[in-house]
Structure formats: C-alpha cells, structure tokens
Amino acid sequence: MAAVEEVEVVVAHRQRATLRVGDVFLKVDGNPANADVEVRAMALAPVPTPAILWREPPVLAIAAVPGQALGVLGAPSEASSAAWAAAGAAIRRLHDAPLPPWPGRGLDDLAEELDRECAWLIANDVLPVEVVRRNREIAQGAIRPFNPVFIHGDLQITHVFVEDDRVTGIIDWSEAAPGDAMWDLATLTLGHEERLDDLLAGYGEGADREVIRAWWSLRSLRGSRWLVEHGFDPDQPGCEHDVLRARMRDA
C-alpha cells in the first residue's frame, strides 16, 4: 500500500476547517458561497494565487504555494524590507485591477457592526471601557466615503507568501470584494506596524496612514468577539488586544 501523507490541521472552528495533506490543502466550508467567491477572485486577481486542483462542495482542494509567509501575528517578521516592498507592489496591482462583479460591504453596515461589537466588549468586561472608547473614536476615521478597489478582504500576514524577495502566492480569497484599499494595507500590517514603511515603499502613492491606523483599531474591535467565541485568544502578545492598547500609548 502506498505511504499515506500526514494530515495537518491548519485551522479548524465551527464555520470551516483547512487540512494539509502533503502539498495539498483541503478547505472545508459550510457556506458554499465562500468557496464561490474564492474561486472567482483567484481567477480575476492579477497576482500569484494557488492552483485549484479540484472542487467537490463543501471541499475545495488547492495546491501549496512556494516560499514562506511574511510572518505570523504575535512575532516579529523575519522577511526582508525588500520582501515587504514586493508585497506592497503586489497589493497595488490588485487594487489597480478592475473591480470584481459582486458587491462589497456598505458603510452603514460597518458602522452598525462597530457599535454592536464595542457594546459586547464592554458588557462582557473583555477590555477596559476606556480602551474600547478611545479605539472606537480612532476607528471612526475608517468609516468614510472612498473609491472602491479590488481588495483581498482578509490579507493577514500569514496569507502572503514570499521567496527571494518576491511574492510567490496570496491565499484565502473568500472575502475578496470591492472595498477600501486601506483595509488591505492595515490588515497586513496589523501587529507589525513597524513594517508599514517597507510595505508602502512598494505600494506607492495614495496610502493614507491615518486611515490605516483607524483600520487597525476597527479590525481589532470588530474581530475580538469572533476570536473569543471560536477558541482563539486575542490577548496574546502582539495580537488584537495589544493593538488596541498600543493606541492608548499613542494617545
């Protein structure tokens, strides 16, 4: 009998799971719409993406991309300044591409979500009231009119792979949509604020640092409850709650 590859659980929670078997990733999602968006977005994106091997709902099989992730949340990134600049240039290519033909989120929905999540954080004593209040003030700067671009939507540092100072693949496209360019830039540098200059060196003109800072607060506020309820710890060093506390130190 042929040798069986070891199965690695990459991520698993109530909504979805991702398994790695050799050089193949199996993504199991209870909502088929997420895989629909991912497949369509990768076909449209003008940046390196994983090869789709097969799809049999609810499973999507994709090939591993070469290289290493830019880093992980909670630890310094070992990638070079040139690799970060290359990531910035790739993001700019994505943002300059034609919009995907499906809708993004509205500002009213985002404002309502921010209100709801801040109320939950205070009601459940997850964070001090002053930390929530101050970051909510900062986060308001991200809720403003903008010209939508093709965004990845969940551009975490673990979703961008590099090798020899070039981008070899960007993964996990299920939240791609028309949206705010600063959201992608903020998501990639969340917890790695010291690499923003490197990223923007490759991205070029048009980035608004104040809006990026506002998105750091907004993403951390709106994501904390989801992390807690799905078994993750936003209070680990360098993670979402550290980002929120850092805004207090800035103040």
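None of these values were measured; they are calculated from a predicted model.
- Atom-to-atom distance recorded for Ser220:OG and Leu190:CG is 4.5 Å, nearest 0.5 angstrom.
- When only modelled atom types and interatomic distance are considered, Thr189 and Trp84 share no side-chain donor-acceptor pair under 3.5 Å.
- Asp198 CG to Ser77 OG: the interatomic distance, rounded to the nearest 0.5 Å, is 9.0 Å.
- A salt bridge links Arg133 and Glu137; the closest N-O separation between the charged side-chain nitrogens and carboxylate oxygens is under 4.0 Å.
- Within 6.0 Å of atom CG in Asp109, more than 12 heavy atoms from other residues, nucleotides or ligands are found, so the atom counts as buried in its surroundings.
- Residues passing the ring-ring contact (aromatic ring centres under 6.0 Å, His included) test with Trp215, sequence neighbours excluded: Trp183.
- Scanning for side chain to side chain contact (heavy atoms under 4.5 Å, CB included) contacts around Ala181 gives His95, Val149, Tyr203, with sequence neighbours left out.
- Under a cut-off of 6.0 angstrom, the local environment of CD in Gln68 is sparse, with at most 12 non-hydrogen atoms contributed by other residues, nucleotides or ligands.
- Applying the under-4.5 Å side-chain rule to Ile, Leu, Val, Met, Phe, Trp and Tyr, the cluster around Ile138 consists of that residue alone.
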Could you walk me through whether Glu240 and Leu73 satisfy the side chain to side chain contact (heavy atoms under 4.5 Å, CB included) test, starting with their C-alpha distance in whole Å, then the side-chain angles of each, then the deciding distance to 0.1 Å, before giving a yes or no?
CA-CA 9 Å; Glu240 282 79 0; Leu73 195 60; 3.9 Å; yes
Without placing hydrogens or testing angles, list every side-chain donor-acceptor pair under 3.5 Å for residues 42-61, not counting sequence neighbours.
unit_1, atom_1, unit_2, atom_2, d
Arg55, NH1, Asp36, OD1, 2.9
Arg55, NH2, Pro32, O, 3.4
Arg55, NH2, Asp36, OD1, 2.6

Before you tell me yes or no, could you show the steps for Leu26 and Thr18 under side chain to side chain contact (heavy atoms under 4.5 Å, CB included), namely the whole-Å CA-CA distance, both residues' side-chain angles and the distance that decides it to 0.1 Å?
CA-CA 6 Å; Leu26 303 175; Thr18 299; over 6 Å; no
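- Taking 4.5 Å as the limit, some side-chain heavy atom of Pro100 sits within range of a side-chain heavy atom of Pro178.
- For Glu193, the salt bridge (charged side-chain N to carboxylate O under 4.0 Å, His left out) partners two or more places apart in sequence, or in a different chain, are Arg247.
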Dump the intermediate steps for salt bridge (Lys or Arg N to Asp or Glu O under 4.0 Å) on Asp242 and Arg245, then the final yes or no.
CA-CA 5 Å; Asp242 262 4; Arg245 295 186 186 104; 3.5 Å; yes
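- The distance from the OG atom of Ser224 to the CG atom of Asn124 is 11.5 Å, given to the nearest 0.5 Å.
- Identified under the salt bridge (charged side-chain N to carboxylate O under 4.0 Å, His left out) test for residues 116-129, with sequence neighbours left out: Glu117-Arg225.
- Listed by chain and residue number, His13, His230, Phe232 satisfy the ring-ring contact (aromatic ring centres under 6.0 Å, His included) test with Trp226 (two or more places apart in sequence, or in another chain).
- Contact annotation: the side chain of Asp154 approaches that of Gln156 to within less than 4.5 Å [non-hydrogen atoms, C-beta and beyond].
- In terms of hydrophobic clustering, with Ile, Leu, Val, Met, Phe, Trp and Tyr side chains grouped at heavy-atom distances under 4.5 Å, Phe146 and Leu200 are assigned to a common cluster.
- Remark: the backbone N or O of Ile157 is not paired with any side-chain donor or acceptor of His192 at under 3.5 angstrom.
- Put simply, the side chain of Asp165 never gets that close to the backbone of Ala82: no donor and acceptor are under 3.5 Å apart.
- Contact annotation: the side chain of Phe25 never approaches that of Val65 to less than 4.5 Å [non-hydrogen atoms, C-beta and beyond].
- At a cut-off of 3.5 Å, with distance as the only test, a side-chain donor of His241 or Asp235 sits close to an acceptor on the other residue.
- Looking only at side-chain heavy atoms (C-beta outward), Ile151 and Leu94 stay at 4.5 Å or farther from each other.
- Proximity of Leu196 to Ile212: side-chain heavy atoms (C-beta onward) are separated by under 4.5 Å at one or more points.
- Taking a 6.0 Å sphere around CD of Glu78, one finds it holds 12 or fewer heavy atoms contributed by other residues, nucleotides or ligands.
- Proximity of a side-chain donor or acceptor of Arg134 to a complementary backbone N or O of Val129 within less than 3.5 Å is not detected.
- Contact detail for Ala87 and Leu70: the closest heavy-atom pair is CB-CD1, 4.0 Å.
- Ile122 CD1 to Glu130 CD: the interatomic distance, rounded to the nearest 0.5 Å, is 10.0 Å.
- Counting only heavy atoms from C-beta outward, the side chains of Val211 and Arg144 approach each other to under 4.5 Å.
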Could you go through the salt bridge (Lys or Arg N to Asp or Glu O under 4.0 Å) check for Asp208 and Arg213 one step at a time?
CA-CA 9 Å; Asp208 188 323; Arg213 292 186 180 95; over 6 Å; no
Could you list the donor-acceptor pairs under 3.5 angstrom formed between side-chain atoms of residues 168-177 and any protein atom two or more places apart in sequence or on another chain?
unit_1, atom_1, unit_2, atom_2, d
Thr168, OG1, Pro66, O, 2.5
Thr168, OG1, Phe161, O, 3.3
Asp172, OD1, Lys27, NZ, 2.6
Asp172, OD2, His159, NE2, 3.0
Trp173, NE1, Ile170, O, 2.7

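- How far CD of Glu6 is from CD of Glu8: 7.5 Å, rounded to the nearest 0.5 Å.
- Looking at residues two or more places apart in sequence or on another chain, you find no side chain to side chain contact (heavy atoms under 4.5 Å, CB included) involving Ala119.
- Residues Val11 and Val7 do not share a hydrophobic cluster, defined by chaining ILVMFWY side chains whose heavy atoms lie under 4.5 Å apart.
- In this structure, CH2 in Trp120 is found 12.0 Å from CG in Leu221, a value given to the nearest 0.5 Å.
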Apply salt bridge (Lys or Arg N to Asp or Glu O under 4.0 Å) to residues Asp197 and Arg209 and explain how you reach the verdict.
CA-CA 10 Å; Asp197 286 344; Arg209 291 171 183 267; 2.9 Å; yes
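- Contacts of Asp164 classified as side chain to side chain contact (heavy atoms under 4.5 Å, CB included), with partners at least two apart in sequence or in another chain: none.
- Taking the side chain as every heavy atom from C-beta outward, Leu185 and Met182 approach each other to under 4.5 Å.
- Residues Arg195 and Ala79 come closest through the heavy atom pair NH2-O, 2.8 Å.
- Residues satisfying the side chain to side chain contact (heavy atoms under 4.5 Å, CB included) criterion with Ile143, sequence neighbours excluded, are Leu107, Leu110, Ala111, Leu114, Gln140, Leu218.
- Proximity of Asn31 to Gln15: side-chain heavy atoms (C-beta onward) are nowhere separated by under 4.5 Å.
- Annotation: salt bridge (charged side-chain N to carboxylate O under 4.0 Å, His left out) contacts involving residues 66-76, sequence neighbours excluded, are absent.
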